[in-house]
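To start, the structure itself, in structure tokens.
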Amino acid sequence: MLELINIKKTFNLGTINEKKALDGVSIKLDEGDFVTIIGGNGAGKSTTLNAVAGVWPTDSGSIIIGGNNITGLPEHRRAKFIGRVFQDPMTGTAATMEIQENLALAARRGNPRGLRWGITKKEREEYHEQLKMLDLGLEDRMSSKVGLLSGGQRQALTLLMATLKKPEILLLDEHTAALDPKTAAKVLELSDKIIAEHNLTAMMVTHNMSDAIKHGNRLIMMNEGRIIYDVKGEEKKKLTVDILLKKFEEVSGKALSNDRMLFSKETD
Amino acid sequence: MNVLTTFLNALPGNVSQGLIWGILAIGVFITYKILDFPDLTVDGSIGTGGAVAVMLITNDCPIWLALLCAFAAGCLAGLVTGLLNTALGIPGILAGILTQLALYSVNLDIMGQSNRPVSVDKYPLVLSSRYAVPAMIKSMLIVAVIIAILYWFFGTEYGFTIRATGCNSNMARAQGISTKKSTVIALILSNGLVGLSGGLLSQYQGFADVNMGRGAIVIGLAAVIIGEVLGSVIFRKRFNFVAKLAFAAIGAIIYFLVLQLVMLLGLSSSNNKLFSAIVVIIFLAVPYLRNSSKTSFKKAAKNAAAVKGDVNNA
């Protein structure tokens, strides 16, 4: 499905702000893999997802999705393979457009767009059914502007948009971090449901260690632009937060430095 | 009384002028409101449209073809601004200023001199200020057709990509939309309309002039903003897309009616640019001031309980 081969990326090369963000990241996902990614501040978690999405070109290495080498494709041209949900609920949707128009834009991800209608009557009926699944009552507000929705509603809608056309890979970039705990739990539950239903391959960055353990079949820990721990299957199921913290110290030689992560450990 | 009769007599003329500028206003609406791009190309591209139309008409080209070419010339101007912005990374506002400046020379080159007359007596012009009532009806029809076409266009997949690009370019790219391409397309379309507006305006006033576009963007903005304020008062939540386009044109009509009125009341014609600047300032400032009068630090200080160490009034 997705394969990253020795991806490297340095930001602000040759300046005092030079930062080696990705230092040889290699990973191969199998179909249906749901990988959670954790790590300290600046470990390269979101950077890895951005490399896959093509927000900027990588310095070296290859990105292969479904047998296609997409390393040289700009963001909008690789979008046909990729569904994305962002940390900021404002990023994933167009606020001044209607709910149904946002869905119609997402349904055409990767298709050539022409002078056909931007949304058809048949589509409206389909979206009505699909919005029902979110269980947020959005199916009755299809012609409302997305800007009127709450952050949680917008994330749920973005999730639906990202998977409306089945992506080769779904990228969830701390997509519950900006939500209150109750809404975050609901959006996570919804993510699980959608991923399972469509048997999607997904990567989810999270700062919440127990979420990272609870969700998905595989867990990756990153530090200083490298993958330092990769665990799946039965072994992953046995993980606890304490084991993860110990593992981190063992591999990186220091305590985990992510305030939000440590905070979330105490609250869960 | 005298002022009123003069005003009423001039009404059809001012309405036609408003409608012709309304086409420009609709073009400005596309960039300023839909694409969220402050495009200053307009000051140049309206002159280009006018120059192209007059030169073709005076060389016995059919009127419809001349207008089509005025539209195309405007499109070309929009393409230049779009490429300066997307391919060369020049900030939008500067890209427009550069194109506008360059077009001043281009317009002079097209006309060969700074002013070219086109007489309604010699050529079968679409509209002319000489026949104000037919001009009003014809410009009304043209505006209606343009609104209908744009309504259709912005309902298509392509139109959706432009709206998404203007609203949230991150989202647009994540949905596979080339935001650069849709920016360029919107600029082309917008300036095409501005060029068409210039082609009609030069026929209406009987000449094209290298300075005819000076301050055009401000008039366009005034029209868009007047229309928006008025439309949202009248329609409130039902202020839909068609109404927004129509009210950009209606805003332009109102602008010219008010301009006529203040000129009748004694404003000299040399002050009309000052007038357009003041209109835009008022319409932009009023919503801001009204909002800040509801909530301000001064008010907060007044509403705060009197406590020791009060520096609010220090």
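Every value quoted in this text rests on a predicted model; they were computed, and no experiment measured them. So you know, we letter chains A, B, ... as the sequences are listed, proteins then strands, and number each from 1.
Among residues at least two apart or in separate chains, side-chain hydrogen bond (donor to acceptor under 3.5 Å, both in side chains) pairs with a member in residues 226-239 of chain B are B:Lys33-B:Glu228.
Scanning residues 47-66 of chain A against chain B with a 4.5 Å heavy-atom cutoff picks out nothing at all. For residues 96-124 of chain A, heavy-atom neighbours of chain B at less than 4.5 Å comprise A:Thr96, A:Met97, A:Glu101, A:Asn102, A:Ala104, A:Leu105, A:Ala106, A:Arg108, A:Arg109, A:Gly110, A:Pro112, A:Arg113, A:Gly114, A:Leu115, A:Arg116, A:Trp117, A:Gly118, A:Ile119, sorted by residue number. Within residues 133-142 of chain A, no residue approaches chain B closer than 4.5 Å by heavy atoms.
Distance CD1/A:Ile82 to CD/B:Gln175: 11.5 Å, rounded to 0.5 Å.
Contact of A:Thr91 with chain B is made through backbone and side chain together, with heavy-atom distances under 4.5 Å. Using a 4.5 Å cut-off between heavy atoms, B:Phe154 does not touch chain A at all.
Other residues, nucleotides and ligands contribute at most 12 non-hydrogen atoms within 6.0 Å of the OH atom of B:Tyr151. Residue-environment remark: NZ (B:Lys180) stays at or below the threshold of 12 foreign heavy atoms within 6.0 Å.
B:Arg173 pairs with exactly one of A:Arg84, A:Arg78, A:Glu75 by the side-chain contact (heavy atoms from CB on, under 4.5 Å) rule, that one being A:Glu75.
The choice from A:Ala94, A:Ala162, A:Ala95 that makes the most heavy-atom pairs within less than 4.5 Å of chain B is A:Ala94. Note on A:Gly83, A:Gly92, A:Gly147: by heavy-atom pairs under 4.5 Å with chain B, the leading option is A:Gly92. Contact count against chain A (heavy-atom pairs under 4.5 Å) is highest for B:Ile177 among B:Ile177, B:Asn170, B:Thr179.
For the pair B:Lys181 and A:His76, the minimum side-chain heavy-atom distance is 4.5 Å or more.
With hydrogens and angles ignored, the 3.5 Å screen pairs a side-chain donor or acceptor of B:Asn168 with a backbone N or O of A:Met90.
When all heavy atoms of A:Ala79 and B:Ala174 are compared, the closest pair comes out as CB-O, 3.5 Å.
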